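A short worksheet on the structure shown next.
Worth saying up front: this structure is predicted, and the values here are computed from it rather than measured. Naming convention: chains lettered A, B, ... in sequence-line order (proteins, then strands); numbering from 1 in each chain.
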Amino acid sequence: MALRLYDTASRAVRDFVPLVEGRVGVYVCGLTVQSEPHVGHVRSAVNFDVLRRWLTRQGYAVSFIRNVTDIDDKILTKAAEQDRPWFNLAYDMKRELDRAYDALHVLPPTYEPAATGHVPEMLELIALLVDRGHAYAAEDGSGDVYFDVRSWPSYGELTRQSVEDMEAAGDADPRGKRDPRDFALWKGRKDSEPLTASWPSPWGRGRPGWHVECSAMAGKYLGEAFDIHGGGVDLRFPHHENEQAQSRAAGHGFASYWMHNAWITTSGEKMSKSLGNSLLVPAVLERVRGIELRYYMVAAHYRSTVEFSFEALEEAASAFRRVEGFLDRVDAEPGELPAAFVEAMDDDLGTPAAVAVLHDAVREGNRLHDAGDADGAREAAGRVLAMLDVLGLSPRDPHWATGSGDEGLRDVVDALVRGLLDQRAHARADKDFAAADAIRDQIKAAGVEIEDTAQGPRWSVG
RNA sequence: GGUGGGUUGGCCGAGAGGCGAGGCAACGGACUGCAAAUCCGUGAACACGGGUUCGAAUCCCGUACCCACCUCCA
């Protein structure tokens, strides 16, 4: 059974066939670094990180490109409001984003191109579009260059919209557009904008429009035609539609498959910077660990809207701790992936079904462990670890280790707790259960859980 | 107005014509001095109204409500 993916363009699950056997090129729209990342942003990154890990696991050589948009209207506006250089704002937010990705164990991409580093590539593409008659310099002398939507008959094909049915773009300033739906490839510099936010071009100083950067950078790093293009659903239109139009109008094959992840909502509404209902990643990570937040995201299908709540998040954390508890009991090396897991993942990254297989293996392993079948339990643990690796959720992964100082501290705690446990053992031997329970309560009050096993008591920080 | 998605048990969240996903919570049982952890079991849901079918949560028609995109947005 081969991998099948839902392709937004054809609105169907299709067999995945790469352009070049054994290789996959993936381009994912990253963020505009204008403010701190919220959990929704990170969901997108986690979803595509799972895709990337699965492709890799299936033996593909994956080229994974995720861009950063570090120049745009919002960045300029916000930076001006905060009275600091736009590049400082973008850079700071980029670092915040990196921290959030790291906290969720989103692997670094093959390369992470930034828009400002690719102006020459964009200008080249724009010139090509002008030559081919699909773009024109604004007639009002603003220095803008627009894509001519009417010159490209298949415009709208990605989202199945016809130009006629679109609401006339409420674009505040139609400036020199021939059609209100034409979009900017290049924006002439306005006097109000800092000189540092402009680059020389054949049409005068200016800065790139939003959509060209992705076409130019995908072309540069993945080639004129590549396999998968991803992003959030809101990017379908206009961003992805425009990307595809300008790339294909330039004669490029562009993406074979389009993948879009759904929202994390709060109170039924999309989480968004503009709505101000964002849950920032650091705030959420005060409640649960990064690995637990990642589990929460992976347990839902990437195309399903997730209604965020701390209750659901805590539930997910409990579920995940069950998995961890099993691995604490049974030591093993990663083993084979169960067929049902592979099947689930091959079916458009069916992580919910895959997670169900994971829980089945945990229950099976616990059962065997209880029954004294050490080999069987170890084998189950091997399957569990293999599955967790694919999902980026393996507690054994050094990435999740909590800092270097902890090991020494753990030994200290262990010595102290052992002393108390010895006292408790004596009390229990004397059937002085009141004293024994008092010790257990005392340990628990310090945040340490006690578990009596056949091999004696174990402690863990709950 | 156009386009896309949704409504599933106490909760989260899958599935997509027959075969009770999984998790969390609850309850009962096993284990335990009592717990904790673990295991076993219980609880049989699919917005509403029609229709197709031997059989529908799943297909068709209609209705209601919700969300998203068409403007910057994961």
Please identify each residue that fulfils salt bridge (Lys or Arg N to Asp or Glu O under 4.0 Å) with [X], with sequence neighbours left out.
{"X": "R52(A)", "answer": "none"}
{"X": "R363(A)", "answer": "D360(A)"}
{"X": "R95(A)", "answer": "D92(A)"}
{"X": "D234(A)", "answer": "none"}

For a quick check of understanding: with a heavy-atom distance under 4.0 Å over all strands, which category does [X] fall into, base, sugar-phosphate or nothing?
{"X": "G30(A)", "value": "sugar-phosphate"}
{"X": "A316(A)", "value": "nothing"}
{"X": "L358(A)", "value": "nothing"}
{"X": "G231(A)", "value": "sugar-phosphate"}

Under a 4.0 Å heavy-atom criterion, the protein footprint on nucleotides 6-22 of chain B, written with B, S and -, is -----BSSS------BS
Residue pair E311(A) / E315(A), side-chain heavy-atom distance below 4.5 Å: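 No, every pair of side-chain atoms sits at 4.5 Å or beyond.
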Report the residues that fulfil side chain to side chain contact (heavy atoms under 4.5 Å, CB included) with A79(A), sequence neighbours left out, ordered by chain and then residue number.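 Per chain and number, A79(A) pairs via side chain to side chain contact (heavy atoms under 4.5 Å, CB included) with W86(A), L89(A).
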Apply side chain to side chain contact (heavy atoms under 4.5 Å, CB included) to R207(A) and list each qualifying residue two or more places apart in sequence or on a separate chain.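 Checked R207(A) against side chain to side chain contact (heavy atoms under 4.5 Å, CB included); matches are I71(A), D73(A), L76(A), K187(A), E193(A), W199(A).
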Output side-chain donor-acceptor pairs under 3.5 Å for residues 374-381 of chain A, partner residues at least two apart or in another chain, one line each.
residue	atom	partner	partner atom	Å
D375(A)	OD1	R378(A)	NH2	2.8

Hey, could you give me each pair passing ring-ring contact (aromatic ring centres under 6.0 Å, His included) that has a residue in residues 340-380 of chain A? Not counting sequence neighbours.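 Qualifying pairs: none.
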Proximity to the side chain of [X] - top-ranked nucleotide from [options]:
{"X": "Y6(A)", "options": "G5(B), C72(B), C24(B)", "value": "G5(B)"}
{"X": "F237(A)", "options": "A74(B), G4(B), C70(B)", "value": "C70(B)"}
{"X": "R424(A)", "options": "G33(B), A74(B), G4(B)", "value": "G33(B)"}
{"X": "Q161(A)", "options": "A37(B), A74(B), U3(B)", "value": "U3(B)"}
{"X": "R367(A)", "options": "C40(B), A74(B), G23(B)", "value": "C40(B)"}

Is it true that F183(A) and Y146(A) have ring centroids separated by less than 6.0 Å?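 Centroid separation for F183(A) and Y146(A): 6.0 Å or greater.
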Provide the distance between the two [atom1] atoms, one in [N] and one in [M], to the nearest whole Å.
{"N": "G6(B)", "M": "A16(B)", "atom1": "C1'", "answer": "15 Å"}
{"N": "A57(B)", "M": "A44(B)", "atom1": "P", "answer": "16 Å"}
{"N": "G13(B)", "M": "G18(B)", "atom1": "C1'", "answer": "24 Å"}
{"N": "C65(B)", "M": "G22(B)", "atom1": "P", "answer": "36 Å"}
{"N": "G28(B)", "M": "C46(B)", "atom1": "C1'", "answer": "27 Å"}

With Watson-Crick and G-U wobble geometry limited to distances under 3.5 Å, how should the secondary structure of RNA chain B be encoded in dot-bracket form, using | for bases paired to another strand and [ ] for crossing pairs? (((((((..(((.....[...))).(((((.......)))))....(((((..]....))))))))))))....
Proximity to RNA chain B (any heavy atom under 4.0 Å), residues of residues 429-440 of chain A only: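 Only F433(A), D437(A), R440(A) qualify.
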Taking atom [atom2] of [N] as reference, at what distance in whole Å does atom [atom1] of [X] sit?
{"X": "N261(A)", "N": "G5(B)", "atom1": "CG", "atom2": "C1'", "answer": "14 Å"}
{"X": "D370(A)", "N": "C39(B)", "atom1": "CG", "atom2": "P", "answer": "7 Å"}
{"X": "R428(A)", "N": "A36(B)", "atom1": "CZ", "atom2": "P", "answer": "14 Å"}

Quick check with a 6.0 Å cut-off and a 45 degree axis cone: is R4(A) positioned over the face of F16(A)'s six-membered ring?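 No.
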Do R14(A) and D7(A) sit within salt-bridge range, that is, some charged N less than 4.0 Å from a carboxylate O?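 Judged by the 4.0 Å cut-off on N to carboxylate O distance, R14(A) and D7(A) do form a salt bridge.
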Output yes when at least one side-chain N/O atom of R322(A) is less than 4.0 Å from OP1 or OP2 of A25(B), else no.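 For R322(A), the contact criterion (side-chain N or O under 4.0 Å from OP1 or OP2 of A25(B)) is not met.
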For a quick test of reading the model: is some side-chain N or O of N366(A) closer than 4.0 Å to OP1 or OP2 of C39(B)?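 True: N366(A) side-chain N/O within range (under 4.0 Å) of C39(B) OP1/OP2.
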Taking only residues at least two apart or on different chains, which pairs with a member in residues 105-117 of chain A satisfy salt bridge (Lys or Arg N to Asp or Glu O under 4.0 Å)?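 Residue pairs passing salt bridge (Lys or Arg N to Asp or Glu O under 4.0 Å), neighbours aside: R66(A)-E112(A), K94(A)-E112(A).
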Between K444(A) and T159(A), which has a closest nucleotide on RNA chain B that is more 5'?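 Looking at the nearest nucleotide for each, T159(A) comes out on the 5' side.
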